[in-house]
**Q** 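The structure under discussion is supplied below as structure tokens; questions concerning it will follow.
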Amino acid sequence: MLSTLLIVEAGERVAGKSAEEFGKMDPTGIAMAMIAMSIVFSALIFLYFTFKYIAKLYNIDLKKRFRKSRPDIEHTEAHEEISGETLAAISLALNLYHQQMQGLEDAVITFKNAAKSYSPWSSKIYGLRKSPNN
Amino acid sequence: MLSTLLIVEAGERVAGKSAEEFGKMDPTGIAMAMIAMSIVFSALIFLYFTFKYIAKLYNIDLKKRFRKSRPDIEHTEAHEEISGETLAAISLALNLYHQQMQGLEDAVITFKNAAKSYSPWSSKIYGLRKSPNN
Amino acid sequence: MLSTLLIVEAGERVAGKSAEEFGKMDPTGIAMAMIAMSIVFSALIFLYFTFKYIAKLYNIDLKKRFRKSRPDIEHTEAHEEISGETLAAISLALNLYHQQMQGLEDAVITFKNAAKSYSPWSSKIYGLRKSPNN
Amino acid sequence: MDTSRNFWTFLSNHLFSFLGETAFMNFTMGHVVMIIIGLILIFLAIAKGFEPMLLIPIGFGILIGNIPFAGAEHILSDDPENLQIGIYQSGSVMNYLYFGVRYGVYPPLIFLGIGAMTDFSALISNPKLMLVGAAAQLGIFGAYAAALALGFSPSEAGAIGIIGGADGPTAIFVASKLAPELVGAIAVSAYSYMALVPVIQPPVMRLLTTKKERLIRMKPPRTVSKLEKILFPIIGMLFTCFIVPAAIPLLGMLFFGNLLKESTVTKRLADTAKGQMIDIITILIGLTVGASTQATTFLTAKSVGIFGLGACSFIVATFGGVMFVKIFNLFLKEGNKINPLIGNAGVSAVPASARVSQVIGLQYDKTNHLLMHAMGPNVAGVIGSAVAAGVLLSFLF
Amino acid sequence: MDTSRNFWTFLSNHLFSFLGETAFMNFTMGHVVMIIIGLILIFLAIAKGFEPMLLIPIGFGILIGNIPFAGAEHILSDDPENLQIGIYQSGSVMNYLYFGVRYGVYPPLIFLGIGAMTDFSALISNPKLMLVGAAAQLGIFGAYAAALALGFSPSEAGAIGIIGGADGPTAIFVASKLAPELVGAIAVSAYSYMALVPVIQPPVMRLLTTKKERLIRMKPPRTVSKLEKILFPIIGMLFTCFIVPAAIPLLGMLFFGNLLKESTVTKRLADTAKGQMIDIITILIGLTVGASTQATTFLTAKSVGIFGLGACSFIVATFGGVMFVKIFNLFLKEGNKINPLIGNAGVSAVPASARVSQVIGLQYDKTNHLLMHAMGPNVAGVIGSAVAAGVLLSFLF
Amino acid sequence: MDTSRNFWTFLSNHLFSFLGETAFMNFTMGHVVMIIIGLILIFLAIAKGFEPMLLIPIGFGILIGNIPFAGAEHILSDDPENLQIGIYQSGSVMNYLYFGVRYGVYPPLIFLGIGAMTDFSALISNPKLMLVGAAAQLGIFGAYAAALALGFSPSEAGAIGIIGGADGPTAIFVASKLAPELVGAIAVSAYSYMALVPVIQPPVMRLLTTKKERLIRMKPPRTVSKLEKILFPIIGMLFTCFIVPAAIPLLGMLFFGNLLKESTVTKRLADTAKGQMIDIITILIGLTVGASTQATTFLTAKSVGIFGLGACSFIVATFGGVMFVKIFNLFLKEGNKINPLIGNAGVSAVPASARVSQVIGLQYDKTNHLLMHAMGPNVAGVIGSAVAAGVLLSFLF
Ligand code: NA
Ligand code: NA
Ligand code: NA
């Protein structure tokens with residue numbers, strides 16, 4: 001006989017107990033909302049200050065050092081220095097462009113589906129590659 | 001100690017019993033063939049009538065409604081309205097075309113295999129990207 | 001209750017026993033080195049002689065037969081018959097070429113990342129495809 | 001002759017017993033309702049273009065899960081009557097594939113792919129928008145409180161609340177831990193309302209904002225360097241997971257995927273993570289979540305309650321995001337103020353809610369493009385709801 | 001000196017014991033035979049182009065599975081002599097990968113990919129061809145009866161019969177449920193005969209048809225709308241699974257894949273399903289099916305019987321398809337008649353048997369292209385054999 | 001009022017208990033050290049381009065694995081305190097993904113992909129270079145002996161020795177069988193030294209060779225036919241696995257992948273195996289190996305010992321390869337001699353060590369390109385170390 005993974009109904013973690021206790025002490029959910037929202041906020045405030053600070057630090061110090069050691073990367077960045085307004089405009093332009101492209105893409109796909117080797121006429125991977133007289 | 005999935009030889013479903021009974025009553029397999037073929041046929045006859053009916057329904061009713069609400073799709077369909085004879089001819093033409101393409105594709109692959117970055121000279125994904133003096 | 005895979009800490013293979021015995025008899029590891037290296041060598045010497053022999057056999061006999069039965073493949077081989085020196089030179093050329101290509105590729109990728117439909121503006125696969133007024 | 005008679009009796013007996021086992025003989029009104037729901041989801045996906053990547057697998061999964069075959073109640077592995085067809089029958093393919101939903105394996109893998117396709121630049125360039133993403137999580141705890149009031153147990157309420165996070169994988173992950181029997185209803189509800197974001201949010205946004213506020217112009221975001229983009233997933237993971245370790249499975253994977261992308265040296269891994277890998281998981285998670293909505297387990301008062309609470313949570317979340325911006329603006333200098341029309345984008349249906357900001361913004365000023373700014377709270381909402389999920393699990397699991 | 005002597009004794013002892021464990025010291029005639037079979041399959045795949053996607057993994061798997069190492073009989077997980085090498089040894093990689101074959105997980109996933117690459121247009125445009133696909137399933141039950149007559153148990157006979165369905169994954173799926181120890185022989189047999197379809201079918205077709213019948217021209221198929229293509233997988237799944245719920249794992253996945261394709265809004269999911277996902281499963285299923293043909297378990301009279309029955313089932317299936325068309329034609333008006341040369345295409349070796357129709361058709365009329373028409377019964381055969389598989393499982397599992 | 005007081009007490013109690021569970025309250029010096037190591041690996045990968053496909057997943061995995069959450073010691077599946085976060089806690093996502101490392105499933109799948117991307121032509125054209133690949137395996141047994149001397153148990157010594165094989169997946173495979181608790185340290189050590197090959201090898205190579213030897217010119221390799229390329233994986237698998245059956249999981253997969261590639265008729269399978277399939281496994285193996293280096297289990301004297309032995313094994317391996325060439329040359333005719341600067345390439349860090357040969361060779365003769373010749377021992381080393389792994393498993397598992 002081959003072996004098999006034993007599927008059982010036992011062995012599950014006994015959950016829900018801490019939930020019950022919590023629910024008993026905070027039947028309205030207000031405490032949960034207050035604790036949880038303050039944790040969510042503190043996590044993101046933490047990140048906020050870090051990246052506010054990093055941005056400043058970076059502008060002052062790291063950027064220059066970094067520039068020295070990795071000129072190629074800085075070069076790329078130079079290309080990226082486009083104002084936000086421009087970016088917003090570009091983003092919209094791209095959006096429109098996509099809609100057009102989508103149309104084109106569909107056309108291309110239609111052709112490809114007709115032409116590529118993996119559709120109707122050889123649709124199953126275990127199809128023959130050659131038949132004797134063909 | 002790490003935990004592991006227990007591999008056991010027990011716990012398998014006790015199969016084969018209904019098979020034995022069936023075999024006893026139908027030792028030649030004729031009953032099986034008759035029952036089974038009638039079920040297979042009824043399933044596919046069901047589908048046959050449905051799509052026969054749908055095709056008619058569609059031509060009369062749904063198609064027009066659909067056309068109003070989604071003109072773009074209908075547009076695509078218009079392109080598809082090619083006679084079956086033509087399709088058969090095209091299919092053969094494509095078949096031949098594939099055989100040619102296959103040749104071309106091989107040539108392209110040969111070149112690509114030589115040129116792409118993931119072959120001999122960097123064949124293992126954990127190959128170094130740079131060596132110090134190179 | 002849903003079923004679950006039983007995770008247990010038992011049932012693991014009792015390993016390490018043969019290792020202990022081996023270690024006791026060969027506390028310095030010299031026997032291991034001698035036995036193991038001779039096995040490694042014999043495996044690869046085996047392969048060495050086989051392919052030395054196959055190369056000869058192939059040049060004399062199989063090659064011709066093979067050529068008759070599959071002319072297309074031989075054709076491809078003809079293209080491959082380039083001297084090793086040339087190959088080495090080509091390999092270096094390709095290496096350099098890659099470094100250039102890498103640059104080009106990055107440029108292409110940059111553009112593609114900006115242009116393709118699966119970036120910032122639709123970055124989550126469960127993003128809406130259409131909003132009602134847009 | 002006797003034998004022949006026996007034969008025909010046997011034949012007709014077996015044919016009739018087979019007919020008795022067909023779904024035609026076993027279906028109930030419940031199955032009809034569920035199949036219609038499945039068809040509606042497929043229709044919405046194809047005809048309206050609502051979330052097709054998820055609604056088609058879920059919708060078709062609902063169809064598959066509601067073929068009412070005989071013997072569905074035999075689910076144990078050693079039960080000889082277990083025909084290994086249904087999703088709850090051990091040994092069936094669907095049951096094997098459902099493992100990833102039931103034990104929360106798929107959602108983190110989807111987060112890996114999302115990380116690999118998300119660009120956090122908008123957030124890095126204006127990090128204070130992160131707080132808007134935090135504020136919108138109010139929807140989660142609003143729905144939690146409402147669910148408690150409706151009589152759901154705390155575990156169930158937590159699983160239901162997470163719908164307000166507007167994150168399918170997060171909802172499935174939390175539900176699989178806190179209330180596995182509700183996974184189907186919660187997932188279907190979460191995805192349905194995400195599809196309806198452009199319908200739910202605009203009235204709430206208009207109600208809460210003044211005309212003057214809607215015209216606020218924001219400074220163009222600054223350019224973000226490659227170094228910052230690389231540091232973001234590393235620091236982001238360390239800080240958020242240090243505070244809420246229970247969010248490691250989701251946030252660890254999200255930021256890992258993002259590092260694969262931003263490091264640029266592991267482009268092929270990022271491409272696979274956000275390509276074929278997320279596709280495979282999306283197919284499997286959608287299909288099995290759909291199939292888990294078997295009429296017998298799904299069509300209950302609880303499911304109806306969950307759908308009601310889902311709508312409520314999205315409204316509260318939008319309220320939270322917009323109101324937070326209005327209050328935050330009181331503390332910001334003129335010129336730095338945030339347009340409250342991007343507050344809704346904290347509901348992290350990416351990029352749907354950010355597009356709503358853009359559309360509503362343009363209705364009041366045709367040159368005021370809010371899309372770029374709204375992407376900040378939008379991706380912050382992804383982080384925020386994963387943090388909130390971690391908090392729920394810490395208290396309730 | 002004593003120690004040194006001990007050392008050399010130890011050295012030579014261990015070297016000899018190692019040599020005793022090499023495959024050279026453990027191989028038997030059976031292993032030689034199996035290795036030769038593996039080499040032949042690889043040769044056929046490369047030199048003749050027969051089903052390479054499957055014969056190469058299976059062939060190489062046969063080589064791997066027939067390296068005759070010592071201790072292969074120690075298969076339990078806690079057996080200290082279990083070296084975790086062989087496919088039947090728990091804890092070995094091959095054993096983990098074989099799980100998907102042994103428990104029927106891979107075949108439905110392959111059906112997902114097949115669904116995503118199959119175009120049912122030919123069938124939708126002329127739905128009466130569906131019946132031809134049903135008729136060819138006679139091969140399954142013919143082989144079932146023959147297997148019973150040869151003394152196989154009913155379960156085994158069912159697993160063997162399914163070879164006549166000409167569907168590798170279906171055969172593996174049914175065999176994994178009804179007769180797991182025969183999976184290897186059945187799979188190798190099924191794939192071998194699928195590769196030989198162009199050799200087996202033509203004589204049967206010529207024998208059963210008159211010259212006049214072979215010249216029948218069929219109406220060009222009508223164009224099929226996108227809506228019909230979308231409805232087909234939905235209705236097809238509901239109807240077939242309502243009738244034969246045991247076919248859900250196969251037909252549910254097949255039609256799900258097809259909906260992913262035809263809806264057009266989930267193109268990327270369909271591309272992955274029919275691309276990398278089916279590739280991965282194909283590699284794993286082929287390799288492990290091959291490796292499961294260990295000489296000690298494979299080289300039995302049963303295997304020989306299975307190969308004989310396999311050939312027989314393909315002949316009966318071709319007979320069933322062609323004769324059904326001939327009889328069906330008696331009820332059809334002139335102009336609507338079906339060319340019986342497409343009857344063989346109900347044997348769903350896609351597209352091999354449809355090509356045979358085309359080739360034979362052209363031999364009698366150089367302008368009568370049957371390929372397009374033959375695709376209808378061809379894909380109907382995929383559905384038909386999955387339905388037949390469901391029936392077998394209903395009665396025998 | 002009393003209730004309200006209770007409420008605030010409850011609130012602050014829970015907030016404080018939550019704070020007590022954050023990683024800030026549980027971290028130790030060990031965690032800091034490990035996080036710094038993770039950051040260094042990520043830095044090396046991005047800034048120096050060292051093995052980014054592996055160092056980024058491993059590095060980020062180390063970060064994830066060293067978030068010091070409370071309750072990490074509750075690892076059993078039925079322990080109510082098990083929060084299912086950590087990699088050693090059953091039921092956590094990381095634990096499920098770690099299965100493939102812990103039970104050696106991932107490495108053979110990576111070998112499949114490596115086989116599909118490796119070109120053995122250089123070896124086939126000059127098969128005597130195979131012996132150089134064998135000689136370099138001396139590093140494995142040198143490290144084994146040294147580990148025994150340092151007091152490691154034989155099993156552990158075997159797992160550590162394999163670092164000298166310069167093969168990440170092989171090292172993980174062997175360690176998962178012989179010393180699963182050392183997998184993390186061994187994997188990190190193996191990949192670190194593979195990244196340092198261009199630093200470690202050159203001085204050893206210069207020390208062992210004379211100027212005259214370094215100038216040896218080798219004959220250009222002959223062209224290899226398609227037939228030979230197809231025969232190589234078949235014969236290679238049969239011969240090596242017949243001699244060392246314990247290497248089947250690695251060598252079977254390696255040569256299987258190679259046959260998928262060289263047969264050319266299964267191109268799409270080879271593309272997937274060396275593409276998305278290896279990518280997915282690479283992501284999972286790297287992340288989980290990294291995460292398994294939890295400070296509490298990782299920062300031990302053993303880990304330090306393993307790092308020391310790793311360096312030693314790479315030096316011995318280079319010594320073995322170069323010295324073997326020098327000795328081998330004594331038996332070769334003038335004109336057939338091998339440049340000992342390709343001896344180091346037996347250390348199968350592909351293609352890093354072959355590039356070292358090329359670079360050092362050019363330093364002494366600007367027209368003597370050794371790259372092509374060094375690829376032979378390089379890929380032979382992959383085979384050689386898998387054979388050595390099999391030998392270790394035969395004796396010690
Ligand atoms: Na969210
Ligand atoms: Na079939
Ligand atoms: Na190696």
**Q** Taking the side chain as everything from C-beta on, heavy atoms only, tell me whether D:Gln276 gets closer than 4.5 Å to E:Asp279.
**A**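 Sidechains of E:Asp279 and D:Gln276: no contact.
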**Q** Looking only at heavy atoms, what is the nearest atom pair of E:Pro108 and D:Val93, with distance?
**A**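 Residues E:Pro108 and D:Val93, closest heavy atoms: CG-CG2, 3.4 Å.
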**Q** Of all the heavy-atom pairs spanning D:Phe69 and E:Ile248, show the shortest one and how long it is.
**A**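 Answer, listing the atom of D:Phe69 first, then E:Ile248: CD2-CD1, 4.3 Å.
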**Q** Quick one: which of D:Ile35, D:Leu19, D:Ile56 has the most heavy-atom pairs under 4.5 Å with chain E, could you say?
**A**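 Counting heavy-atom pairs under 4.5 Å, the top option is D:Ile56.
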**Q** Nearest 0.5 angstrom please: D:Ile283 CD1 to E:Met253 CE, how far?
**A**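 With rounding to 0.5 Å, CD1 (D:Ile283) is 9.5 Å from CE (E:Met253).
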**Q** Of the listed residues (E:Leu393, E:Val391, E:Leu269, E:Leu109), which shares the most heavy-atom pairs with chain D below a 4.5 Å separation?
**A**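 When all of E:Leu393, E:Val391, E:Leu269, E:Leu109 are compared, E:Leu269 has the most.
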**Q** Is there a side-chain contact between E:Lys177 and D:Gln84 in this structure, where contact means two heavy atoms from C-beta onward sitting under 4.5 Å apart?
**A**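 The answer is yes; the side chains approach within 4.5 Å.
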**Q** With a 4.5 Å cut-off on side-chain heavy atoms, are E:Ile230 and D:Ile42 touching?
**A**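 No, too far: nothing below the 4.5 Å cut-off.
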**Q** How long is the straight-line distance from CG of E:Asn258 back to CZ of D:Phe60, given to the nearest 0.5 Å?
**A**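 Atom-to-atom, D:Phe60:CZ and E:Asn258:CG are 8.5 Å apart.
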**Q** Just so I know, are the side chains of E:Ile234 and D:Leu39 near enough to count as touching, which here means a heavy-atom distance under 4.5 Å?
**A**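 Answer yes - side chains close enough.
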**Q** So, D:Phe18 versus E:Phe395, ring centres under 6.0 angstrom or not?
**A**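 When the ring centroids of D:Phe18 and E:Phe395 are compared, they turn out to be within the sub-6.0 Å range.
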**Q** Measuring heavy-atom distances to chain D, does E:Phe255 have an atom under 4.5 Å in its side chain, in its backbone, in both, or in neither?
**A**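 Both backbone and side chain.
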**Q** If we only count heavy atoms from C-beta on, is the E:Leu260 to D:Met53 side-chain gap below 4.5 Å?
**A**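 The answer is no, as the side chains (C-beta and beyond) never meet within the 4.5 Å cut-off.
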**Q** Roughly how far apart are E:Phe397 CZ and D:Ile85 CD1, rounded to 0.5 Å?
**A**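 Taking CZ in E:Phe397 and CD1 in D:Ile85, the distance rounds to 9.0 Å.
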**Q** Hey, do the aromatic rings of D:Tyr96 and E:Phe99 have their centres closer than 6.0 Å?
**A**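 D:Tyr96 vs E:Phe99: aromatic centres under 6.0 Å.
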**Q** Quick one, E:Phe242 and D:Thr22 - any side-chain contact, counting heavy atoms below 4.5 Å?
**A**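 Heavy-atom side-chain distance check fails, nothing below 4.5 Å.
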**Q** At a heavy-atom separation under 4.5 Å, does D:Pro68 approach chain E through its side chain, its backbone, both, or neither?
**A**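 Contact with chain E is through the side chain of D:Pro68 alone.
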**Q** Do D:Met277 and E:Thr272 come within less than 4.5 Å of each other through their side chains, counting heavy atoms only?
**A**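 Contact flag for D:Met277/E:Thr272 side chains = no.
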**Q** Find the distance between OG (E:Ser263) and CD1 (D:Ile46) and round it off to the nearest 0.5 Å.
**A**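 Reported value, rounded in 0.5 Å steps: 5.0 Å.
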**Q** Flag the pair D:Leu63 / E:Phe256 as yes when at least one side-chain heavy-atom distance between them is below 4.5 Å, and no otherwise.
**A**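 They are not in contact (no side-chain heavy atoms under 4.5 Å apart), so the answer is no.
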**Q** Look up atom OH in E:Tyr103 and atom OG in D:Ser77, then write down how far apart they are to the nearest 0.5 Å.
**A**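 So the OH of E:Tyr103 and the OG of D:Ser77 are separated by 9.5 Å.
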**Q** Among E:Leu251, E:Val105, E:Ile243, who wins on heavy-atom pairs under 4.5 Å with chain D?
**A**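 Ranked by heavy-atom pairs under 4.5 Å with chain D, first place is E:Ile243.
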